[in-house]
Q: 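Attaching a single structure in structure tokens format; questions to follow.
Quick caveat, the model's predicted, so the values are computed rather than measured. In what follows, chains are A, B, ... by sequence order, proteins preceding strands, each numbered from 1.
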Protein chains: 2
Amino acid sequence: MSKKTDFNAEKFFLALSDRTRLRLLNLMQDDEVCVCFFTEVLQSPQPTISRHLAYLRQAGVVNARREGKWMHYRIVDPPDARAAQVFREIRAWLSEDPELRRDRERLARVCCAPKLPLALRDAPRPLSLVSIEKRPATS
Amino acid sequence: MSKKTDFNAEKFFLALSDRTRLRLLNLMQDDEVCVCFFTEVLQSPQPTISRHLAYLRQAGVVNARREGKWMHYRIVDPPDARAAQVFREIRAWLSEDPELRRDRERLARVCCAPKLPLALRDAPRPLSLVSIEKRPATS
DNA sequence: GCCACATATTCGCAAATGCGAATATGTAAA
DNA sequence: TTTACATATTCGCATTTGCGAATATGTGGC
């Protein structure tokens, strides 16, 4: 029904006009992220997260990739060059927001914690955080 | 109830998530513009235009200035420097949209027309267009 | 004061949205 | 195929939004 190319500005801004969705995008800043980490970091029910991710997908600002049972979401740049530039600047702007900063820290903490919350024992971690996690101890 | 400084991103994006409001902002690109021209160019009922302008005002993206019976609206940059940068880029991006281009042309035509539509005989024109209008004939 | 005019706000209602609860789908493993 | 688990979608329902119609407000001129 809708083609890849029907990216429009109103839909784009509507996707960004909700705090939950901004928080989700913020967590994908550096990497694709598995849905289970979104629910853990935002402390929101899974259907809520899923619905907001669907919203972002339909607006064309994220892609989903399946890996076994897990779904990874990543930011995708809009086809139009100026729109892509705008989107990058928006992300840079938002990343300074205090709550969003805390969210990213929380994601890092959750991923690197030696004792993961029960549900996340085998969940695939965001790549950038895995590399931190696997860094040899400074001893 | 709400202070000048409570500019937030969600509200900002929500303000931009509607075609009518994007068209309004686009018409203010170069100058402040009188409400009567908005209704003329967009061909929408006055209360609709007024409501959307109020929306933009509450989001902190435009200011209103009264001049006698007329109200002039102009774009105002957000207090945060990065937000302001983002807003400028957004406007540059949008100004390439075909419909928005046509709207600006239509505004120029309406303002410069020797026979103004009945209601706009005495309406104050946007400054940049007035200067075009008053340019001496090339004869 | 009254009137005319530009713009803003209110009101009522139809349509859209958001959310929790329940259910469905897709995948892996036994 | 059955089970378990991660994620997506559907369903009801309460809340919000958008719009036209009507009305209110602010201003200038008489």
Q: Closest approach of B:Gln29 and B:Arg91, non-hydrogen atoms and distance?
A: NE2-O, 3.4 Å
Q: What is the distance, rounded to the nearest whole Å, between atom CZ of A:Arg57 and atom P of D:dT7?
A: 12 Å
Q: Using atom CZ of A:Arg65 as one end and atom P of D:dA6 as the other, report the distance to the nearest whole Å.
A: 17 Å
Q: Round to a whole Å and report the spacing from CZ of B:Arg66 to C1' of C:dA6.
A: 8 Å
Q: Between A:Ser50 (side chain) and A:Pro47 (backbone), is there a donor-acceptor pair under 3.5 Å?
A: no
Q: In whole angstrom, what separates A:His72's NE2 from D:dA6's P?
A: 13 Å
Q: Before accepting this row, confirm whether a basic side-chain N of the pair B:Arg101/B:Glu96 lies closer than 4.0 Å to the acidic partner's carboxylate O.
A: no
Q: To the nearest Å, give me how far apart CG (A:Leu56) and C1' (D:dT7) are.
A: 16 Å
Q: Looking at B:Arg104 and B:Asp30, is any side-chain nitrogen of the basic one under 4.0 Å from a carboxylate oxygen of the acidic one?
A: no
Q: Looking only at N and O atoms, is any donor in the side chain of B:Gln46 or the base of C:dA6 less than 3.5 Å from an acceptor on the other one?
A: no
Q: When the distance from CG of B:Leu53 to C1' of C:dA8 is rounded to whole Å, what number comes out?
A: 10 Å
Q: Do the side chains of A:Asp97 and A:Arg23 get close enough for a salt bridge, i.e. N-O under 4.0 angstrom?
A: no
Q: Map B:Ala54 and A:Lys69 onto DNA chain C by nearest heavy atom, then report which one ends up closer to the 5' terminus.
A: B:Ala54
Q: Return the value, rounded to whole Å, for the distance between atom CH2 of B:Trp70 and atom P of D:dG28.
A: 10 Å
Q: Is the ring pair A:Phe13/B:Phe13 parallel, tilted or perpendicular, if the boundaries are 30 and 60 degrees?
A: parallel
Q: Nearest whole Å is fine: how far is D:dA8 P from A:Leu24 CG?
A: 11 Å
Q: Between B:Gly68 and A:Met71, which is nearer to the 5' end of DNA chain D once each is assigned its nearest nucleotide?
A: A:Met71
Q: Are any protein N/O atoms closer than 3.5 Å to N/O atoms in nucleotides 14-21 of chain C? If there are, list each pair with its distance.
A:
from	atom 1	to	atom 2	distance (Å)
C:dC19	OP2	A:His52	NE2	3.3
C:dG20	OP2	A:Thr48	OG1	3.0
C:dG20	N7	A:Arg51	NH2	3.0

Q: Are any of the side-chain nitrogens in A:Glu67 or A:Arg65 under 4.0 Å away from the carboxylate oxygens of its partner?
A: yes
Q: Assign B:Tyr73 to base, sugar-phosphate, or nothing according to its heavy-atom contacts below 4.0 angstrom with the strands shown.
A: sugar-phosphate
